[in-house]
2 protein chains.
Amino acid sequence: MIRQQLLTPSPEDLADFLNRHTRSRDCLVQVAGLAEVTYQGRAASTADVGTYLMVIKQDGSLQIHHPTGIKPMNWQPKTDSITARVDEDVCMLLASRRSPEELVQVVFLEPQVALALELAQAGGFVLRGSEAEMQQTLAEHPELIEPGLRVLNRELMVESGGIDLYARDAQGRYVVVELKWGRATQHAVSQLARYVRSVEGKLPARAVVRGILAAPSITTPARLELEDRGLEFREVSALPQATAAAGGPGAQPSLFD
Amino acid sequence: MIRQQLLTPSPEDLADFLNRHTRSRDCLVQVAGLAEVTYQGRAASTADVGTYLMVIKQDGSLQIHHPTGIKPMNWQPKTDSITARVDEDVCMLLASRRSPEELVQVVFLEPQVALALELAQAGGFVLRGSEAEMQQTLAEHPELIEPGLRVLNRELMVESGGIDLYARDAQGRYVVVELKWGRATQHAVSQLARYVRSVEGKLPARAVVRGILAAPSITTPARLELEDRGLEFREVSALPQATAAAGGPGAQPSLFD
DNA sequence: TCCTTAATTTCGCAT
DNA sequence: ATGCGAAGTTAAGGA
């Protein structure tokens, strides 16, 4: 499982280590220690000398973490090229990709640990409770939005994007429904307005098109803009309450701090 | 620098290790090996048995990585509580937080490596070339957008959000400028339209308010909607050309694969 | 705290 | 490749 581990490696050893294990593309490589990081591409950044943890995965994706926070300080989603070399008595790593063209450069001033791990088998992964699932439920039960509603399409593509639900109401008027899994924002109102305009453009003049924003809640500014534009809001409780995972929240004996 | 390292630890040893080092809040903890992960909170997810890498940082943020991809398979931005315990002869870790209430549970079936690292000094961090910098440059040189433009405000707050640049043109008409650092999308057009409406609402009736979207490029649908709404586009090259980092792209001797 | 926006967003899907 | 929108988005900043 541990392919190789080095402690306080020399620049040469570290460069060898990095080149060998990144090329084999079958293990996860990490180096922790004092380093300096620069990025240039979509933006440009420099991280001062500090203690960081660099992780390179099998697909060549690279991330450099500082001591706190969920997001890496620097990263590269997938690299075309990773090269380590010794330059002026330090090991330096260059990770680059095209499209967009960008480059991450790491200078390892005092590498403390280098570790190559085999992460062989990845199990299946299932996520439940996304907006897609909410859409499916409401498509099957449109009466939860409004009695008499009949769904014509799901994910109907118009030039301005995809309409979550396209329907007709009890009076035969066309209805555009925009779903939000969480609290609806002004962004959602803009989206809905755009879709309504698109549909109106496709129908004969004077056809009435209703726009309904369906979400568990809505922000105050969004509500104002919605009413201002003659659109409607329907409160829809977040539906798919997943069956509680083994040992639900609320039974931890001790605290993190 | 390595606080402690365990190889193929027993469930009891691993639980002790995790509890001790997560509580001290001064090191980065990681465990690699065969595990099973479930999440419940904003959504719900299950990862079948597989080989994963779990990292817990000093602030209690947790991420579990599978072999590929930049994003963790499961994560928790900052936990209120992290607890490890032995249950049915395996070590199990519970990481939870409130607001939103969510829980990550990791069952370590065959832990291979457990490592506690000190990542002491974090370097300062500088990022350049963001939209903020573009805004500053254009605020100081509004003639790059249009001759005769005078900037009245930057980041002017209106009820619908913040206007990047608020200005008057050579004819004295008010101008709302929305900046995008990258390619402008429909989203940016909606934003601009919202701001123009807000400003029109504050001015005497019939006042003319121009809306200008300034970006290096614009998508076709966005351009259509922009013109449809009587708004304007100005091409502005991505200004802050960062001074090339040492050893810019295009000089790698060898490829990643 | 709520709300909005930026992000080197990433990711996936459709054209 | 481009365009669009979701995401368990995260993170920052103002009201």
Side-chain angles (χ1 to χ4, degrees), chain A residues 39-45 61-63 68-78 97 99-104 127-135 155-164 178-188 190-191 194-195 217-223 238 242, chain B residues 39-45 61 63 68-78 97 99-104 127-132 134-135 155-164 178-188 191 194-195 217-224 238 242:
Chain A
Y39 163 79
Q40 171 150 50
R42 287 170 281 183
S45 68
S61 62
L62 174 149
Q63 37 196 302
T68 61
I70 197 79
K71 288 179 71 174
M73 173 185 73
N74 279 99
W75 69 95
Q76 191 115 212
K78 193 173 191 292
R97 68 167 176 162
S99 180
E101 180 146 318
E102 48 188 354
L103 175 74
V104 172
L127 177 70
R128 297 199 48 234
S130 59
E131 184 175 304
E133 204 169 289
M134 179 183 181
Q135 185 187 116
E155 280 302 332
L156 175 65
M157 294 304 297
V158 292
E159 69 270 19
S160 51
I163 294 175
D164 286 338
E178 173 70 22
L179 302 178
K180 281 298 159 211
W181 183 83
R183 180 165 262 240
T185 65
Q186 292 190 60
H187 183 183
S190 292
Q191 243 176 279
R194 216 158 63 210
Y195 297 152
S217 64
I218 185 168
T219 68
T220 306
R223 170 130 232 169
Chain B
Y39 161 79
Q40 167 134 60
R42 285 171 283 184
S45 73
S61 62
Q63 37 197 303
T68 62
I70 195 78
K71 287 179 68 177
M73 175 183 73
N74 282 99
W75 69 94
Q76 194 98 257
K78 192 172 192 293
R97 67 166 177 161
S99 179
E101 179 144 321
E102 47 190 355
L103 174 74
V104 172
L127 184 107
R128 316 175 46 242
S130 60
E131 184 176 305
M134 178 183 182
Q135 185 188 115
E155 283 299 334
L156 175 65
M157 295 307 295
V158 293
E159 71 269 22
S160 51
I163 294 174
D164 287 337
E178 171 71 20
L179 303 178
K180 282 297 159 209
W181 186 75
R183 181 165 263 239
T185 64
Q186 294 189 61
H187 184 181
Q191 242 175 279
R194 222 160 56 211
Y195 297 152
S217 65
I218 184 169
T219 69
T220 306
R223 171 129 231 169
L224 292 173

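Reminder, nothing fancy here: chain letters follow the sequence lines and each chain counts from 1. No experiment lies behind these values; they were computed from the predicted model shown.
If you measure from atom CD of Gln191(B) to atom C1' of dG5(D), you get 15 Å, rounded to the nearest angstrom. Atom P of nucleotide dC2(C) and atom CD1 of Ile218(A) are separated by 16 Å, given to the nearest angstrom. In this entry the distance linking CD of Gln135(A) with C1' of dG5(D) reads 12 Å, nearest Å. In this structure, Leu156(B) places its CG atom 15 Å from C1' of dT4(C), rounding to the nearest Å. Taking atom CG of residue Asp164(B) and atom P of nucleotide dA6(C), one finds them 6 Å apart after rounding to whole Å. Whole-Å rounding puts the Arg223(A) CZ to dC2(C) C1' distance at 17 Å. Summarising the geometry, the separation between CG on Leu179(A) and P on dG5(D) is reported as 14 Å, rounded to the nearest angstrom.
Under 4.0 angstrom from either OP1 or OP2 of dC4(D) there lies at least one side-chain N or O belonging to Gln186(B). Side-chain nitrogen and oxygen atoms of Tyr195(A) include at least one within less than 4.0 Å of the OP1 or OP2 phosphate oxygen of dG5(D). For the OP1/OP2 pair of dT2(D) and a distance below 4.0 Å, the side-chain nitrogens and oxygens of Arg183(B) include no atom meeting the criterion. The phosphate of dT4(C) (OP1 or OP2) has a side-chain N or O of Thr219(A) nearer than 4.0 angstrom.
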Quiz item: Using a cut-off of 4.0 Å between protein heavy atoms and nucleotide atoms, how would you tag nucleotides 7-15 of chain C 5' to 3' with B, S and -?
Solution: SBSSS----
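Residues that satisfy the side-chain contact (heavy atoms from CB on, under 4.5 Å) test with Pro77(A), not counting sequence neighbours, are Arg42(A), Trp75(A), Arg97(A), Glu102(A). Qualifying salt bridge (charged side-chain N to carboxylate O under 4.0 Å, His left out) partners for Arg183(B), counting only residues two or more places apart in sequence or in other chains: none. Looking at residues two or more places apart in sequence or on another chain, you find no salt bridge (charged side-chain N to carboxylate O under 4.0 Å, His left out) involving Glu131(A). For Glu155(B), the salt bridge (charged side-chain N to carboxylate O under 4.0 Å, His left out) criterion is met by no residue, not counting sequence neighbours. Listed by chain and residue number, Arg25(B), Asp59(B) satisfy the side-chain contact (heavy atoms from CB on, under 4.5 Å) test with Lys78(B) (two or more places apart in sequence, or in another chain).
For the C1' atom pair drawn from dA6(C) and dT10(C), the interatomic distance equals 14 Å after rounding to whole Å. Only the C1' atoms considered, dA7(D) is 15 Å distant from dA11(D), to the nearest whole Å. Taking the C1' atoms as reference points, dT9(D) lies 12 Å from dG5(D), given to the whole Å.
Heavy atoms of Glu155(A) sit nowhere under 4.0 angstrom from any nucleic acid atom. Among the heavy atoms of the strands, none lies under 4.0 Å from Pro100(A). Within 4.0 Å (heavy atoms only), Arg194(B) reaches sugar-phosphate atoms of the nucleic acid but no base atom. Within 4.0 Å (heavy atoms only), Glu159(A) reaches no atom of the nucleic acid at all.
A distance of 8.5 Å separates CD in Glu178(B) from NE2 in His187(B), rounded to the nearest 0.5 Å. Atom CD1 of Ile218(A) sits about 11.5 Å away from atom NZ of Lys180(A), to the nearest 0.5 Å.
Screening Gln191(B), Arg194(B), Gln186(B) for a side-chain hydrogen bond (donor to acceptor under 3.5 Å, both in side chains) involving Ser190(A) leaves a single residue, Arg194(B).
Distance from the side chain of Glu178(A) is smallest to dA6(D) among dC3(C), dG3(D), dA6(D). The side chain of Lys180(A) has dA6(D) as its nearest neighbour among dA6(D), dC2(C), dT4(C).
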